[in-house]
Amino acid sequence: MEYNFREIEQKWQAYWKNNHIYKTEIDLDKPKYYVLDMFPYPSGAGLHVGHPLGYIASDIFSRYKRLQGFNVLHPMGYDAFGLPAEQYAIQTGQHPAVTTKKNIARYREQLDKIGFCYDWNREIRTCEPDYYKWTQWAFIQMFNHYFNKQLQKAQPIESLVKVFETVGTEGIQAACSDELQFTAQEWNSKTEKEQQEILLNYRIAYLADLKVNWCPELGTVLANDEVSEGVSVRGGYPVEQRVMRQWSLRVSAYAQRLLDGLNTIEWTDSLTETQKNWIGRSEGAELRFDIKDQDFNFEVFTTRADTIYGVTFMVLAPESELVKQLTTPEQAEEVADYLDATKKRTERERLADRRVTGVFSGSYAINPVSGTEIPIWISDYVLSGYGTGAIMAVPAHDSRDYAFAKHFNLPIIPLIEGCDVSLESFDAKEGIMMNSGFLNGLSVKQAIAKAKAYISEKNLGRLKVNFRLRDAIFSRQRYWGEPFPVYYKDNMPYMLDESRLPLELPKIDKYLPTEKGEPPLGRAKEWHTEDNFPLELCTMPGFAGSSAYYLRYMDPKNDKALVSPEANQYWRNVDLYIGGTEHATGHLIYSRFWNKFLFDLGLVCEDEPFKKLINQGMIQGRSNFVYRIKNSNTFVSLNLKNQYETTPIHVDVNIVSNDMLDIEQFKNWNPEYKNAEFILENDVKYHCGWVVEKMSKSMYNVVNPDDIVGKYGADTLRLYEMFLGPLEQSKPWDTNGIDGVHRFLKKLWSLFYKNESFIVNNEEPSPEELKVLHKTIKKITFDIENFSYNTSVSAFMICVNELFALKCNKKSILEPLVILLAPFAPHIAEELYQALGNTVTVCDAVFPVCNEEYLKESKVKYPISFNGKVRFTLELPADMRKEDVEETALANEQTLKLLDGKVPKKIIVVPGKIVNIVL
RNA sequence: GCCCGGAUGGUGGAAUGGUAGACACGAAGGACUUAAAAUCCUUUGGCUUCACGGCUGUGCGGGUUCAAGUCCCGCUUCGGGUACCA
């Protein structure tokens, strides 16, 4: 009987489905294990072979854990809201839901063919009302809470209101946008609207004025990458920096906890590092500067308080509120011109074009330590959003300040002994201080500490920790996203009652902004509450739906809660999360934030959502080329092309095999090549060139998993994807080589069947066979635990090669091997497991355990080396004493020959490993 | 600029500081076959030798060690991330 993968795979996929093999329920008698893939956005292009890489890896681990007796949760779903579907809708008028549904069906079909063990009963789609109900619900909770900095957790906003009513802002520790100060009396005398406006300053989900790229012609906010040289990429309309009222999430309040949490989870170093940088904690001081001749002062943030004696100018961000205050009448015109010029530039342009620009404000600050007068400048190299939007410039020790000082001819005072600042600044935090009054003679580290102490003591400012992490802008002027559960009364936002959720997306006629420039939802009829209050017109961004989806999988059908306490208590959090690095600073920050918020509310029992995280590498494309001789329709093979003047042309990798072009298929591939002629090599073949680049349609290097499954089967695809190389490494997809793993499966099959008959017997295994099996068990177990799946596949190959050489057809050896292989190649494993006489699925077998007894070697081949170079090997008993090994090695004939009468200086014997004779 | 990864045969890659190149692809040769496919066997880093063998070899230059692809220092180079963050 032949290995008929088509029949086998269809048979078992149907069996799994009909018998609900992958349905998962809470089982208090078993330990749980939660394995999650980053769910895909169902794009119109379908899956290519790069997508399943991580899914296969997680599938192997899920099946492995199940075989080890764990109750495994392994769900899948779709991140279904998103821009491509909406753009398609704008072009075609087709509702995004229709396109999305179609794409999901296609994804599902492709996924099913690969034989994953997903529990599809738990499937979720972020665009479904019964799912996004809970996204909206979470938003309401965020609106109704503020972040208490003292407790480092979210608290109900009512408790803050109580404080305001009794003592005002006195002593409050609430994360906020602006530091406000008022008394209880002032609070109590404010109107409802005023009070609501103030509360927005504290809510975790808040509405605030933010600077955005606004395109009046298109009527929408644009992302930085949608703007170029001041005009929109689409249409070329002017774009301006504009302050708009947008929803935001106060992610920054959680900065410290997001940072601390990284130490409690097992993520890769690089990912942890990326998040740390993104959160960007910096310790420093906020230092107060008085203004000359004015009863006014402002603060700057610095991490280098030690450089206070080197401050030769101050710089304000153009957007800073201080600009107005500090611009003198004489400088007013020049400053206004500068502000105008900078306003026109987008953030992107500012970054791209690093020319030094700036203008003098006319005012002077007083150095709080030295008392000197310092000119205050305005420049766009200072960001309004970080620190206080103003800096003290120390050109000798900061490269940006240095460039500015050189450009405007401002003084540069070096503060470190022996440093040369004639050509560039000295930014390193090392050396001995000079020109610095009471700090002279100290090392930089000591000086930083002393300066900080001085500042607190003399009350010149305060110690401060700043974070780079920004709040997340949460409004999008789009249709295909979650509607906000928000209505407006007297222009103030209010939350809908939870009983009104989900607030479903309304139908609209066109997916474009309205004539008035409102977002698409402005077109909806009846888009208001029963009391006629208008509903919010923006929708939520892409990351909203993916921020808590892992919780929903625990209890996907619950209409009373996002997740029941019982389900959450059992499944807790994700034990293993596999996905791409592209989410390092987006989704993986937002969902950690979202989870921590829900944790604060007591709604989930774990502070961190993803215990262990692995990033699978990207699968790159491997493109093939043919070489056309210039001005002809003749193609010359790779190794002959240098004899001609040629143009390389991408050719579809699917009509190339082992870099040999299928000439007939090529002729049919494009009518242009119908009559093409070919110059072949000696082997009468056309060899193609190749290069590794991004997998994309335009390079004709996209490989569809369906084609691979059709030709070789799902088990071969699964094994081959793993065999390509280490999981976390980026690597090109190259279908060359897939024959190797397919041959392996056929060879495995041949241990069971020969000429139509089943040849497995019940004979007792030999010690050698047992050694082969148990060696493999040990290796596979180790590899799975370490996600080293490429070496597992090779271990399987070695095992089968050895059993083949031993002509082993014994059930006692083959059955454990089949179970071992089941996580990797589940279809063939099921088939062979059944053939061995089992009547239940191999999914519920018991994973074999290595018995070290079988691995014991009686003899060891010692490499005998001289000065580290191996000269020959010597087979000795494994339990031979070190001294005896040394003696035997030295007495050996070949040793004597190599010693040539010399006396060794030293002899190293590593028992069981090696002998090294040092001459 | 900063941070994080890599660099090993024609190719993908393997190697707890202990025989570099496992496993696989490709290639070459052979067996079977009318033929092809499939399958099986042999060889396959480079140089050198009739052969036994020898020399050399993990991006480059140093170092530690009895022993380095692996550890340390200094580079080169290719990916990826991130950035006027004071």
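Numbers restart at 1 for each chain; the letters A, B, ... are given by sequence-line order, proteins then strands.
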Length of the line joining A:Asn867:CG and B:rG18:C1', which is rounded to integer Å: 15 Å
P spacing across the pair B:rU65 / B:rC72, given as an integer number of angstrom: 16 Å
Dot-bracket encoding of pairs in RNA chain B, which uses [ ] for pseudoknotted crossings and | for another strand, Watson-Crick or G-U under 3.5 angstrom: (((((((..(((.....[....)))((((((.......))))))((((....))))..(((((..]....))))))))))))....
Sugar-phosphate only, base, or nothing, as touched by A:Lys276 at under 4.0 Å among non-hydrogen atoms: nothing
side-chain N/O A:Lys731 vs B:rG79 OP1/OP2, d < 4.0 Å: no
N/O (side chain, A:Gln729) to phosphate O (OP1/OP2, B:rG13) under 4.0 Å: yes
Any A:Lys906 side-chain N or O less than 4.0 Å from OP1/OP2 of B:rC66: yes
Residue mapping more 5' on RNA chain B - nearest nucleotide basis, A:Gly868 or A:Pro863: A:Pro863
Distance test, side-chain N/O of A:Lys746 to OP1/OP2 of B:rU39, below 4.0 Å: yes
Salt bridge (charged side-chain N to carboxylate O under 4.0 Å, His left out) evaluation trace for A:Glu286 with A:Arg288: CA-CA 7 Å; A:Glu286 238 167 42; A:Arg288 202 171 48 249; over 6 Å; no
Candidates B:rC4, B:rG12, B:rA14 - which lies nearest the side chain of A:Ser270: B:rC4
First of A:Ile914 and A:Val918 reached from the 5' end of RNA chain B, by closest nucleotide: A:Ile914
Distance-only donor-acceptor check, side chains A:Ser282 and A:Asn466, under 3.5 Å: no
Value in whole Å for how far the C1' atom of B:rA83 lies from CG of A:Leu469: 15 Å
A:Lys747 atom NZ, over 12 foreign heavy atoms within 6.0 Å: yes
A:Ile908, nearest nucleotide to its side chain (from B:rA14, B:rU19, B:rC66): B:rC66
Protein-nucleotides 24-26 of chain B N/O pairs under 3.5 Å:
unit_1: B:rA24; atom_1: OP1; unit_2: A:Asn801; atom_2: ND2; d: 2.9
unit_1: B:rC25; atom_1: OP1; unit_2: A:Arg743; atom_2: NH1; d: 2.4
unit_1: B:rC25; atom_1: O2'; unit_2: A:Gly737; atom_2: N; d: 3.3

A:Asp380 side-chain proximity, nearest of B:rG13, B:rC84, B:rC85: B:rC84
Whole-angstrom distance between B:rA51 and B:rU43, as gauged at atom P: 16 Å
Touch class at under 4.0 angstrom, heavy-atom based, for A:Ile391 against every strand present: base
Distance below 4.0 Å between A:Asn790 side-chain N/O and B:rA14 OP1 or OP2: yes
B:rG54 OP1/OP2 closer than 4.0 Å to side-chain N/O of A:Arg871: yes
Side-chain N,O (A:Ser282) to OP1/OP2 (B:rA86) below 4.0 Å: yes
Syn or anti conformation of B:rG9, syn meaning chi within 90° of 0: syn
A:Arg400 side-chain proximity, nearest of B:rC85, B:rU19, B:rG13: B:rC85
Sugar-phosphate only, base, or nothing, as touched by A:Pro732 at under 4.0 Å among non-hydrogen atoms: nothing
Whole-angstrom distance between B:rU64 and B:rG46, as gauged at atom P: 34 Å
Separation of B:rC52 P from A:Gln894 CD (nearest whole Å): 15 Å
Separation of B:rG10 P from A:Trp690 CH2 (nearest whole Å): 12 Å
Intermediate values then yes/no, ring pair (Phe, Tyr, Trp, His ring centres under 6.0 Å), A:Tyr720 and A:Tyr712: CA-CA 10 Å; A:Tyr720 188 58; A:Tyr712 298 97; 8.5 Å; no
